[in-house]
Amino acid sequence: MLKFHNTLTNNLEEFQPLDGNDVKMYVCGPTVWSFAHIGNFRTFVFGDVLRRYLKYKGYNLTHVFNLTDVDDRIINEAKKAGKTIDEFTAPFIEAFWEDFDALGLERPEIAPRATQHVAEMIQIIETLLENGRAYESDGSIYYRIAAFPDYGKLSKINFAGNVSGASGRVDTDKYDKENANDFALWKLVDADEPTGWDASFGRGRPGWHIECSAMAIKYLGETFDLHAGGVDLKFPHHENEIAQSEGATGKQFAKVWLHSEHLKVEGETMSKTAGNYFTFRDLIEKGYAATAIRYLLFSVPYHKQLNFTFETLDGAEQTIARLRDFRKRLQEANLPDGINTDLEGKVRGFLADFETAMDDNLNTSVALAALHNLVRETNTAMAHEVACTEDRSLILHIIDKFEAVFGIFGEPQEEILDSEIENLIEERRAARRNRNFARSDEIRDLLSEKGIVLEDTKDGVRWKRK
RNA sequence: GGCGGCGUAGCCAAGUGGUAAGGCAGAGCUCUGCAAAAGCUUUAUUCAUCAGUUCGAUUCUGAUCGCCGCCUCCA
């Protein structure tokens, strides 16, 4: 039975969708002002593993994943570049989806953009103005936290002992607010400012938090099952989403909140000044495989901090290469007909281990251990020549089940060698048969230069690309 | 200043009141003409430090040291 640690209740809870077999889920996406970094992608990979496991469990999923394509930073950067915000964000949106696909992330059912849902945001703000949970000040609209007693229920924040501005991220806006904690729903813009929308309460642009409320309610309804995002969003972003949504609808917003912990790099916070800031693209340029990056990002349970190191990434490269090679060898192996029930039992046990681990708040570390145990047991059985054809079918089927969630093997590639290389392999085979090892080694070196690695096995020569 | 999390082998880490998963690296072996690759085996008397509770603690409690995060727009 699937259980999640719900940030809202701070409990491990059995997951029970609101509506039968349908699961409605919202994951906060990126602000598209730059290329997404590996920390961002840790959260998005978590969202993907969550998504895939819900589908694995047989749920019918509606997954909404937003793109924030308007905020102060985007407006300022666009202005500097002499572009509209759409012109400015377009290449980053394109790059984001490229990275997203490369990491094997499944596209969500709905990926709305903030700028295309301003009308829905305006509606919510109007409702909040009507019911007294919002007010106007100097042309901007603010949320009146004093009118929402539940404020703080997600983050459990204790305002009494807090030092305002202790984070060094004080709101730079100089608007008058009734209360320091009130936040902007709508910001007044100057008449000559190109980025702005007309509303009954004046021309302006939306605050950050309102977009997620508007898009979640539009596509998932006033109450839905799951809401996920990075821990840093817990406060204020998610807290404010709750205030806005519940303040407008009078109904519980998301039932379960999941927060993914941050990625550290070499034990430190990732920052540009520290020189340990990496985008996904940076790592690809360094020659790392997207599947290895994916593997590393979910190898630690989402709710624990993960320390990224290049030593570990090198390890992940090795690991996925080994896994992929394992599947290929298993497919190609010469096995006796029949079934080894001993192996069968072990292998079914590993599948059960996988599900138990994933059911336990998505313990991906333990789930991966089940996969590795399956690989080792199968290899041992093959080495002892006690693995049979029916075992193979079962094991490949189980790997497919793991893969539906992990997404690290990739499609089996049927690569074709060009005739020149094929001829060389054949010539080397002949040379070895004639014990002409000098020529044999020469060809091996030649092929190696061409990126082809040969393996001489009992069942003949295997090759693969470096 | 308020609040929370973490510290497990060279690296990444799981985990539990009853004696330490898994991956990478390392070592040994098998295979091989030799390699490479692959595979197998192996690798922490010990879980930051110091006290305490307990028959028993890495796991609970307290203190200390170190790291990370949130405290108004960062995943």
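We use all heavy atoms of the structure for the numbers below, so side chains are in, but hydrogens, waters and symmetry mates are not. Chain A is the first sequence line, chain B the second, and so forth, proteins listed ahead of strands; every chain is numbered from 1.
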Practice problem: May I ask you to say what A/Ser260 touches in the nucleic acid, namely base, sugar-phosphate or nothing, with a heavy-atom cut-off under 4.0 Å? | Solution: nothing

Exercise. Using a heavy-atom cut-off of under 4.0 Å over every strand shown, decide if A/His37 touches base, sugar-phosphate, or nothing.
Key: base

Practice problem: Using a heavy-atom cut-off of under 4.0 Å over every strand shown, decide if A/Ser365 touches base, sugar-phosphate, or nothing. | Solution: base

Quiz item: Is the aromatic ring of A/His262 within stacking range of B/G69, meaning centres under 5.5 angstrom and planes under 30 degrees?
Solution: no

Exercise. For B/C50 versus B/U59, give the span between their P atoms, rounded off to a whole number of Å.
Key: 12 Å

Quiz item: Counting any heavy atom closer than 4.0 Å, what does A/Arg444 reach on the DNA or RNA strands: base, sugar-phosphate only, or nothing?
Solution: base

Quiz item: Contact class for A/Asp456 (heavy atom, under 4.0 Å): base, sugar-phosphate, or nothing?
Solution: base

Exercise. Report which part of the nucleic acid A/Glu268 touches: base, sugar-phosphate, or nothing (heavy-atom distance under 4.0 Å, all strands).
Key: sugar-phosphate

Exercise. Indicate the ring-plane relationship of A/Phe65 and A/Phe100, choosing parallel, tilted or perpendicular according to the 30° and 60° boundaries.
Key: tilted

Quiz item: Is the backbone of A/Gly152 close enough, under 3.5 Å, to the side chain of A/Glu239 for a donor and an acceptor to pair up by distance?
Solution: yes

Practice problem: Take the angle between the ring planes of A/His238 and A/His259 and call it parallel below 30°, perpendicular above 60°, tilted in between. | Solution: tilted

Quiz item: Does A/Thr312 or A/Ser440 map to a spot on RNA chain B nearer the 5' end, using the closest nucleotide for each?
Solution: A/Thr312

Exercise. Could you give the distance separating B/G56 and B/C71 at their C1' atoms, to the nearest angstrom?
Key: 42 Å

Self-check item: Between B/C3 and B/G18 - C1' atom distance, rounded Å
Solution: 35 Å

Self-check item: Minimum-distance nucleotide to A/Thr309 side chain [options: B/G23, B/G33, B/C11]
Solution: B/C11

Quiz item: Using atom C1' of each nucleotide, how far apart are B/G62 and B/A57 to the nearest Å?
Solution: 15 Å

Practice problem: Remember a base hit wins even if backbone is also touched, and classify A/Leu371 as base, sugar-phosphate or nothing at under 4.0 Å, heavy atoms. | Solution: nothing

Quiz item: How would you label the contact of A/Leu313 with the nucleic acid (heavy atoms, under 4.0 Å): base, sugar-phosphate, or nothing?
Solution: nothing

Quiz item: On a whole-Å scale, what distance lies between the P atoms belonging to B/A9 and B/A44?
Solution: 12 Å

Exercise. Ignoring backbone atoms, test whether A/Asn307 places a side-chain nitrogen or oxygen under 4.0 Å from the OP1 or OP2 oxygen of B/C12.
Key: yes

Quiz item: Does any N or O in the side chain of A/Arg281 come within less than 3.5 Å of the main-chain N or O of A/Ala36, such that one atom is a donor and the other an acceptor?
Solution: no

Quiz item: Base, sugar-phosphate, or nothing: which does A/Ser155 touch, judged by heavy atoms less than 4.0 Å apart?
Solution: nothing

Quiz item: On a whole-Å scale, what distance lies between the C1' atoms belonging to B/U42 and B/A25?
Solution: 14 Å

Quiz item: Mind checking whether A/Leu128 and A/Arg144 have side chains closer than 4.5 Å, heavy atoms only?
Solution: no

Exercise. Between B/U45 and B/G10, how far apart are the P atoms? Round to whole Å, please.
Key: 10 Å

Quiz item: Is any side-chain nitrogen or oxygen of A/Gln318 closer than 4.0 Å to OP1 or OP2 of B/G23?
Solution: no

Practice problem: Give a yes/no on whether any side-chain N or O of A/Asn240 is located under 4.0 angstrom from OP1 or OP2 of B/C73. | Solution: no

Quiz item: Which part of the nucleic acid, if any, lies within reach of A/Lys304 when heavy atoms closer than 4.0 Å are counted: base, sugar-phosphate only, or nothing?
Solution: sugar-phosphate

Exercise. Name the closest nucleotide to the A/Leu306 side chain, picking from B/C11, B/A13, B/C74.
Key: B/A13

Quiz item: Below 3.5 Å, does any donor atom in the side chain of A/Arg322 face an acceptor in the base of B/A38, or the other way round?
Solution: no

Practice problem: Ignoring hydrogens and angles, answer whether the base of B/G33 and the side-chain atoms of A/Asn436 contain a donor-acceptor pair closer than 3.5 Å. | Solution: no

Practice problem: Answer yes or no: side-chain N or O of A/Lys156 and base N or O of B/C71 forming a donor-acceptor pair under 3.5 Å. | Solution: no

Quiz item: What is the nucleic acid contact for A/Asp441, judged by heavy atoms within less than 4.0 Å: base, sugar-phosphate only, or nothing?
Solution: base

Quiz item: Just checking A/Gly39: base, sugar-phosphate only, or nothing, at a heavy-atom cut-off of under 4.0 Å?
Solution: base

